[in-house]
Every structure is written in structure tokens, then in C-alpha cells.
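Notes for the one structure printed next.
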Amino acid sequence: TALQPSSLTKLVTALVCFDELSLNDPVVFSANASSQDFPTASNAGFRNGETTDVKSAITGMLMCSADDCAVALAEKAKGDEEAFAELLNSYASAQGYKNTHFVNSNGVHNEKHYTCSFDMALAATNLMKNYPEYRAIVSGVSTTLSASGSSLSTLTIKNTHRFIKGTDSYSYCYAGKTGGMAYGGDGTWSLCTYASKGGMNLVCIIMGAPSNDATYSDTKTLFDYAFTNYVKTSALDFINSGQEGLGTLFNENTAYNPFDTSSIFTDSNAYLVLPMDAKAEQIKSEISFTQIHEFVYGNNIIGSMNFYYNDRLAGSADIIFYTENASLTQDAFNQNFPGFLISPDTTQGNNFYSDFGDSGITKKPGFFDKIKAALLSLYTPAKTFALICTVLIFIIGVLIITMVFPVKLKQKDKLYRKEYDKFK
């Protein structure tokens, strides 16, 4: 169902900013983005012309749901809100969101600005799993933001989520982002909350609630139900209990027949979330293969195994192929082993690797190849000069020996003869 997301929009804004911007880059607040333009909305307090960095702006946008920070980030990323909204929609489409369309970065009401709880759950999960900076922000109680070009050097902000700031409580909650009320829209409220119990991490998205109090009470009810009736289970338990191992499955797929199937395994951290009373026969698996044209040394993700309970996705696991025998092209070799790691002596003159062709190294250098490389290594300017000098010294030495030494021998011979004649 399409609903007004209000400030939950900022979840997707954060995703795009984490990907598109450097956290240390400066963000300048325009008149359009300054806090004066949002007097009745949540803001961090940045004024026209003030500057902070991207990380501080994202922190303000997430921790206290600051509209001024959201707009400033949109202008930083794409120049204006309209262009940034196009980027948000492209991202939503690429991520497989089902029912989402944005026209701004902060969730200010517009009839063409809508989403659904499923899409927001995807965004919230992606942020928590893949962006460590996000978790630090949405689990924090308060912080200070830098503000240059202002009479204030810092701005102090507090988390607006009740479970985090302590005005309400839920013992298993560890992070959250407020959605607020859809001002000017349908007047409903929304909320994003994270909780963990027994190793199971869950996210709860509330949208369309009649009041702010209802968002928190409904969140507690849903979490309690999930933790009471569902359990986290290792995906390996179901894979190993199957009648056919992964090796057998891959032997039946011609794309992987040549490989040692003992090197095929699944992600050991993969898990399923299932009802407490679920039975193994109710869980169906579905394997999809990815055709790899070139393997790298080590782990290669070659497919995935999805698990379904009553036709609902309960979890998934990457299928990994480990190899130490991957072939490298010459370009890949050059990229992984840059020139400064190879002795310059072996790369002077002719290319020693030219014998192996453009398609990559296909044989190991033999004895004569090594001799060739050793000979080629002589052809450096320094070694050639040294060789010439050595040859010249040798020639001079030979000349001295052949010209001077015989003369001395003749003189000694004459002297010996005179002494011999006297003796006689």
C-alpha cells in the first residue's frame, strides 16, 4: 500500500549520500537548505552560508531527522532537490523497491511522494548491514556537529527516537530513526526501529499509524510477537540435512563439472528466520547459478540458495567456490603484480613473457628460458659498460704480458749464457 513516508524518506537519502559523497567533503547550507526555511519542522540549526562536512550533515539528518541537513545534502549531491529526487528514484528502482516514488529528499508532503513499509524495510536493512557509520548514528543518544561560518562552533543535537533518548523504553531496542507525521498529508505517523534478541536482529517499520504513541506501542507488539514465535536457525543445518550435497548438485550442472566440488560451500553466517513450530519438510530450497567467465584466486560467489517457508522467503545463502588454480590474463597479471615488484633486469630489451602470448601465461619457464632471461639481464646500460671495461682491462693485460714478459725472458737468457761461457 502506498503511504506518506514523511521523514522515513531520509533512509533512502542516507543510502544515496553514503554511496555518492565522501564523508569528509564540505557541505554549504544555502538559503533554501537553512534551518530558517524549516521553522516548524525538525532541523539541526544550520543557517544560510554555514558549512559542515557530509558526515555531520548525515548525522543531523538521521539522529534528529533534520530537514535542513537533508536538503543541503541533496544540493551537495546533485545541485537541487529535483535532480536529487531523480537519483533517489533511480536507486529505488535498482534496489527492487515495489511501490516508491520520491519528489524530495526529506519527506515534505507531496501527492507524488509515497512509498510502502516493505520498501522502507529494505532500505533500513541495507543501511544496518552495509554501513557501519549508520549504526553508530542511529544508536547514539546525542552528539555535537561542527558549524563553521557561524557564531557557534558546534551544534548539539539529540536522537528523536523515544526508545533511544529514554522517554519510552523497549529492552531489546538498540537503534532507530523517527518518521514523524506526514504534515499536510494524511496526518499519519511512521517509525523505524531495530531490536535484537537471541541472536536474531529485526527491523520494524510502522507507517500509517494514527498517532505518534501508536507507532511505539505497535512496534513493541510486533517485536514481542516476532521474538516469541520465530527463531533464527543456521542455513547450514538445512543444507547438510539434505539428501544431496552441494557437490552432487554442481556435478549435475555442466558449467561446473570440471571443478573440484569439495571446494564448493555456502556462507557459514547465513541463516533463516522461521516459526518455532516449522518442520524441515515445509522448507523448500531454490538454487540459482551465476555463470563465471573468469575466476579469481580464493572465494568466488557462483550462486545462491534461497529458502522458502510456505512460499515466503525465510533466508538465503551465497554459494562459494574456492580455487587456487584460477587462470589470469596478462592484463590481470599486470594489474595484480605491478612492475615495481619485478626485477627491472628481467624486463629490459625483449619482453621475456612474449613467448606466452597475449592470452596469458600458459606454461612455466624451462631451463633454456631461464638461461635466456639471465642473458637478457646483461643488457642494462650499467652492466654493459662494466662488461666493456672488463674486456678492455683484460686485453690490456694480455698485451702487457705478451709484449713485456718475453723481452725480460730474452734478457735473462743472454745473462745466463754469458755466465755459462765464463764458467766454461
Side-chain angles (χ1 to χ4, degrees), residues 5-30 32-33 44 46 51-108 113-140 143 145-146 157 159 175-179 190 192 194 201 203 205 267 269 290 296 301 304 316 318:
S6 190
S7 286
L8 289 188
T9 302
K10 293 163 186 167
L11 295 174
V12 186
T13 295
L15 280 168
V16 171
C17 288
F18 277 129
D19 288 344
E20 296 290 325
L21 302 174
S22 173
L23 295 180
N24 295 321
D25 283 351
V27 176
V28 180
F29 285 76
S30 66
N32 183 51
F46 288 100
T51 303
T52 190
D53 54 45
V54 169
K55 184 177 180 180
S56 293
I58 292 176
T59 300
M61 177 181 68
L62 293 173
M63 182 174 282
C64 70
S65 200
D67 284 355
D68 51 352
C69 292
V71 175
L73 287 166
E75 293 177 346
K76 169 71 176 178
K78 296 300 290 183
D80 58 55
E81 283 257 86
E82 183 177 355
F84 187 77
E86 293 179 4
L87 184 59
L88 288 178
N89 290 323
S90 296
Y91 180 89
S93 177
Q95 293 297 310
Y97 293 5
K98 303 295 184 182
N99 196 9
T100 292
H101 185 265
F102 295 133
V103 297
N104 57 57
S105 63
N106 57 355
V108 171
H113 190 96
Y114 57 85
T115 187
C116 63
S117 57
F118 177 84
D119 292 351
M120 289 299 95
L122 290 178
T125 301
N126 188 2
L127 282 164
M128 188 57 72
K129 287 179 63 176
N130 300 312
Y131 300 88
E133 301 91 349
Y134 172 79
R135 176 164 185 163
I137 292 169
V138 295
S139 61
T143 191
L145 308 176
S146 61
I157 62 171
N159 200 316
K177 166 73 184 77
T178 53
S190 57
C192 169
Y194 300 88
N201 298 302
V203 60
I205 300 293
D267 179 9
N269 295 319
T290 301
V296 299
I301 297 177
S304 63
S316 61
D318 288 333

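Sequence positions, counted from 1, serve as the residue numbers for this chain. The model shown is predicted, which means the values in this text are computed figures rather than measured ones.
Here the closest heavy-atom approach between residue Ala33 and residue Glu75 is recorded as CB-OE1, 3.9 Å. Minimum heavy-atom separation, Asp67 to Ser7: OD1-OG, 4.4 Å. The minimum heavy-atom distance linking Ala124 with Val203 is given by the pair CB-CG2, 3.8 Å. Residues Leu145 and Ile157 come closest through the heavy atom pair CD1-CD1, 3.8 Å. Listed here is the closest heavy atom pair of Asn24 and Asp53: O-CB, 4.1 Å. Summarising the geometry of His113 relative to Pro5, their closest heavy-atom pair is CD2-CG, 3.6 Å, with the distance given to 0.1 Å.
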key: From CA spacing to verdict: side chain to side chain contact (heavy atoms under 4.5 Å, CB included), Val12, Met120   = CA-CA 8 Å; Val12 186; Met120 289 299 95; 3.7 Å; yes

request  = Mind running side chain to side chain contact (heavy atoms under 4.5 Å, CB included) on Ser304 and Ser316 for me, showing each step along the way?
outcome  = CA-CA 7 Å; Ser304 63; Ser316 61; 5.6 Å; no

key: Worked check of side chain to side chain contact (heavy atoms under 4.5 Å, CB included) between Tyr134 and Leu11   = CA-CA 10 Å; Tyr134 172 79; Leu11 295 174; 3.5 Å; yes

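The environment of CD in Glu82 is sparse: at most 12 heavy-atom neighbours from other residues, nucleotides or ligands sit within 6.0 Å. More than 12 heavy atoms of other residues, nucleotides or ligands sit less than 6.0 Å from atom NZ of Lys76.
Taking OG1 from Thr13 and CZ from Phe84, the interatomic distance works out to 4.5 Å, rounded to the nearest 0.5 Å. The distance from the NZ atom of Lys55 to the CG atom of Leu21 is 14.5 Å, given to the nearest 0.5 Å. The structure places OG of Ser139 at 11.0 Å from CG of Leu62, a figure rounded to the nearest 0.5 Å. The distance from the CD1 atom of Ile137 to the OG1 atom of Thr143 is 9.0 Å, given to the nearest 0.5 Å. Rounding to the nearest 0.5 angstrom, the gap separating the CD atom in Glu20 from the CG atom in Leu73 is 12.0 Å. If you take OG1 on Thr115 and OH on Tyr97, they are separated by 8.0 Å, rounding to the nearest 0.5 Å.
Formation of a donor-acceptor pair under 3.5 Å by the Thr52 side chain with backbone atoms of Ser146 is found in this model. Judged by distance alone, with hydrogens and angles left aside, the side-chain atoms of Asn89 form no donor-acceptor pair with the main-chain N or O of His101 at under 3.5 Å. In this structure, Asp25 contributes its side chain and Val54 its backbone to no donor-acceptor pair below 3.5 Å. No donor-acceptor distance shorter than 3.5 angstrom exists from the side chain of Lys177 to the backbone of Val138, with no hydrogens or angles considered. Side-chain N or O atoms of Asn126 include none that pairs as donor or acceptor with a backbone N or O of Leu122 at under 3.5 Å.
A 4.5 Å side-chain heavy-atom check between Glu81 and Val103 finds every atom pair outside the cut-off. Proximity of Val27 to Phe46: side-chain heavy atoms (C-beta onward) are nowhere separated by under 4.5 Å. The closest side-chain heavy-atom distance from Val71 to Ser105 is below 4.5 Å. Here the side chains of Tyr194 and Asn201 are not in contact, with every heavy-atom distance at 4.5 Å or above. The closest side-chain heavy-atom distance from Leu23 to Ile58 is below 4.5 Å. The shortest side-chain heavy-atom distance between Leu8 and Cys192 falls under the 4.5 Å cut-off.
Side-chain contact annotation: Tyr131 with Asp19, donor-acceptor N/O pair under 3.5 Å present.
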